[in-house]
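Here's the structure, in structure tokens; my notes come after.
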Amino acid sequence: MTAFSVLSAAQAGTVSVVTSFPKELTEAYKKAFEARNPGIKLEILNKNTTASIAYIKELAVGQRPDVMWASAPDAFEVLAHDKLLQAAPEVKNPEAPAKVGNYPLNDPENLYYGQALAGYGLMWNTRYMQAHKLAAPKEWADLVKPEYFGHVAVSSPSRSGTTHLTVETILQGEGWEKGWSQMLQISGNCAAVTDRSFAVPDGVNNGQYGIGLVIDFFGLAGKYSGYPVEFVYPSVTAVVPANIALVAGGKNAEEAKKFISFTLSREGQELLFDPKISRLPILPNASFGAKVPANYPDAQAIAKRAKVSFDSKLSGDRYQVVVSMFDQMVTFRLKDLQAATKAIHEAERKLKAKPNAQAAELLKQARSFAYSPLVSDSMIKDEAFLALFRKNKKDVAVAKQLTGLEDMWNSKAKANYDKARELAGQAVALIK
């Protein structure tokens, strides 16, 4: 056999999987699948969701990874729109329900499949909360309160697909304007915006942060692994599938189908109950009997209570706008937003003790400057505006236009936060 033949044979027995999932999950599936299929090897390429999309788009047919595996349904919408996914209806588990709540488990064109279920919520460190005399939060809105200033952590949606889904869930649940106002107030209370989603639960688990905005499996994995943490689903949440798909133009479609089928099988689903993984299966909890841990969340029950019927098309259409605006208003301007928020909290505290109509009006203006989105509700519905963000960023003219817009957002955010701090200071001066 020639060296080329040996290389080809090795490639033929390898399934390349690009995923944002943590090592604890991917290693468990790699070990179990390779034991069941000794002639096939899994190659895990760990990238955040945004980077995974870009990676697949940049590679030519025959060079792409075989499987995309991630939590964000809107990311799969983007790949499907660009004809980068291949239908494989034979991989589906016939025992799986058609929907979770009102949300379809699988893509109607069979381009991607629900492999696990996920909701979004809040995790907190019980020891930290007790030490700082803080009440456990139950709703997103709780986190705007001044007592939580400096105790919260969130990741950047541009670096974390699950954080983008959390932000998008709030925007869909509250509406664009109110949702952004709430998200900016929460972000102003944050101690940090981390560059990877894993850093938030790790920080809460070890007591670096008190509270984290996370996808459920981060909170549940911490709890079931023995950390002093708890997790809650707010009423404004959604339960959606974490998906897996066959990439069009990958190297080894047939072997890849076997892996996808394994992840959807009963054996593959049981791996989700591992304390280090702690994900919600697509199959009903009752079908697993005693293998389900005590008090384990039931996805269908959570979905029935959830107030948000997640719209993945809407999320996909405005994906780049949301992540870009969050970066320019929060990630890159966190210190300015924190300073404005601290000044507003201080003014509100003094105003509560000593009411003053003129100071109250100044404080209202300060909040408007600090917590209003730079893109209006009408603009986010403008197809021409959205289309700009879907254009090829490698085009020099497009890149220049987007950079100019983002620079303007960044400068405007700083100016707004400075003005908010100034107005809050003027309010305090009037109260003295």
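Since the structure is predicted, the reported quantities are computational estimates derived from the model, not experimental observations.
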Check: T263 main-chain N/O paired with Q269 side-chain donor or acceptor under 3.5 Å = yes
So do the side chains of S156 and D327 get within less than 4.5 Å of each other, counting heavy atoms only?
-> yes
How would you list all residue pairs meeting salt bridge (charged side-chain N to carboxylate O under 4.0 Å, His left out) that involve residues 144-164, not counting sequence neighbours?
-> D142-K145
Partner set under side-chain hydrogen bond (donor to acceptor under 3.5 Å, both in side chains) for K412, not counting sequence neighbours = none
Does the pair E255/K258 count as a salt bridge with the N-to-O cut at 4.0 Å?
-> no
Side-chain (N189) to main-chain (V152) donor-acceptor, under 3.5 angstrom | no
When every non-hydrogen atom of A88 is compared with those of Y113, the smallest separation belongs to N-OH, 2.7 Å
Test side-chain hydrogen bond (donor to acceptor under 3.5 Å, both in side chains) applied to S278 - qualifying residues, sequence neighbours left out | none
Going from CG on L423 to CG on D418, what distance comes out if it is rounded to the nearest 0.5 angstrom?
-> 11.0 Å
Crowding at NZ, K276 (>12 non-hydrogen neighbours, <6.0 Å) | no
Do Y224 and Y296 make the cut of ring centroids closer than 6.0 angstrom?
-> yes
N46 atom CG, neighbour heavy-atom count above 12 within 6.0 Å | yes
Nearest heavy-atom pair of L25 and I277: which atoms, and what distance?
-> CD1-CG2, 3.7 Å
Would you say M329 and L184 make side-chain contact, with heavy atoms under 4.5 Å?
-> yes
How far does NZ of K313 sit from CG of D74, to the nearest 0.5 angstrom?
-> 12.5 Å
Can you list the residues that meet the side-chain hydrogen bond (donor to acceptor under 3.5 Å, both in side chains) rule with K41, with sequence neighbours excluded?
-> none
Would you indicate whether the side-chain heavy atoms of S312 and V240 approach each other to under 4.5 Å?
-> no
Any chance you could lay out the side-chain contact (heavy atoms from CB on, under 4.5 Å) test for Q185 and T341, step after step, and finish with the verdict?
-> CA-CA 7 Å; Q185 291 177 72; T341 298; over 6 Å; no
So, do W69 and F259 have ring centers that fall under 6.0 Å from each other?
-> yes
Polar side-chain atom of Y417 near backbone of Q338 as donor-acceptor pair, under 3.5 Å = no
Measure from the side-chain N and O atoms of S155 to the backbone N and O of T194, and report whether any donor-acceptor pair falls under 3.5 Å.
-> yes
Does the ring of Y55 carry K47 above it, NZ/CZ under 6.0 angstrom from centre and within 45° of its axis?
-> yes
Determine yes or no for a side-chain-to-main-chain donor-acceptor pair under 3.5 angstrom, with N48 supplying the side chain and S20 the backbone.
-> no
Which pairs, with at least one residue in residues 176-198 and sequence neighbours excluded, count as a salt bridge (charged side-chain N to carboxylate O under 4.0 Å, His left out)?
-> E174-K178
Considering all heavy atoms of both residues, which atom of V330 and which atom of S187 are nearest to each other, and what is their separation?
-> CG1-CB, 3.6 Å
Output yes when E27 and K30 qualify as a salt bridge under the 4.0 Å nitrogen-oxygen rule, no when they do not.
-> no
Do any N or O atoms from the side chain of N252 and from the backbone of T14 form a donor-acceptor pair under 3.5 angstrom?
-> yes
Going by heavy atoms in the side chains, are P97 and Q300 under 4.5 Å from each other?
-> yes
Would you find more than 12 non-hydrogen atoms of other residues, nucleotides or ligands less than 6.0 Å from F262 atom CZ?
-> yes
Candidates D216, D298, I302, I282 - the one meeting side-chain contact (heavy atoms from CB on, under 4.5 Å) with L117 | I282
Side-chain contact, heavy-atom cut-off 4.5 Å: E346 with K350?
-> yes
If you look at every heavy atom in S372 and S368, which pair is closest and at what distance?
-> OG-O, 2.6 Å
Is the centre of the H151 ring less than 6.0 Å from the centre of the Y128 ring?
-> yes
Short question: side chain of N93, backbone of L264 - any donor-acceptor pair under 3.5 Å?
-> yes
Would you mind reporting whether L280 and F217 have side-chain heavy atoms less than 4.5 Å apart?
-> no
Note: Y233 and P297 closest approach over all heavy atoms is OH-CB, 4.1 Å
Scanning both residues in full, the closest heavy-atom pair of A136 with Y148 reads C-OH, 4.1 Å
Answer yes or no on whether R421 is positioned over the face of F369, meaning its NZ or CZ is under 6.0 Å from the six-membered ring centre and within 45° of the axis.
-> no
Flag, side chain of E109 to backbone of A87, donor-acceptor distance under 3.5 Å | no
Contacts of Q86 meeting side-chain hydrogen bond (donor to acceptor under 3.5 Å, both in side chains) (sequence neighbours excluded), chain-then-number -> none
Within the distance-only criterion (no hydrogens, no angle test), does the side chain of S287 pair as donor or acceptor with the backbone N or O of P284 below 3.5 angstrom?
-> yes
Donor-acceptor pair, side chain of R279 and main chain of Q115, under 3.5 angstrom | no
Taking the side chain as every heavy atom from C-beta outward, state whether M183 and F326 have any atom pair closer than 4.5 Å.
-> yes
Using the six-membered ring wherever Trp is involved, compare the ring planes of F76 and Y112 and label them parallel, tilted or perpendicular (cut-offs 30° and 60°).
-> tilted
Under a 4.5 Å cut-off applied to non-hydrogen side-chain atoms, are F310 and L165 in contact?
-> yes
Classify the side-chain pair Y120/T162 by whether it contains a donor and acceptor separated by less than 3.5 Å.
-> no
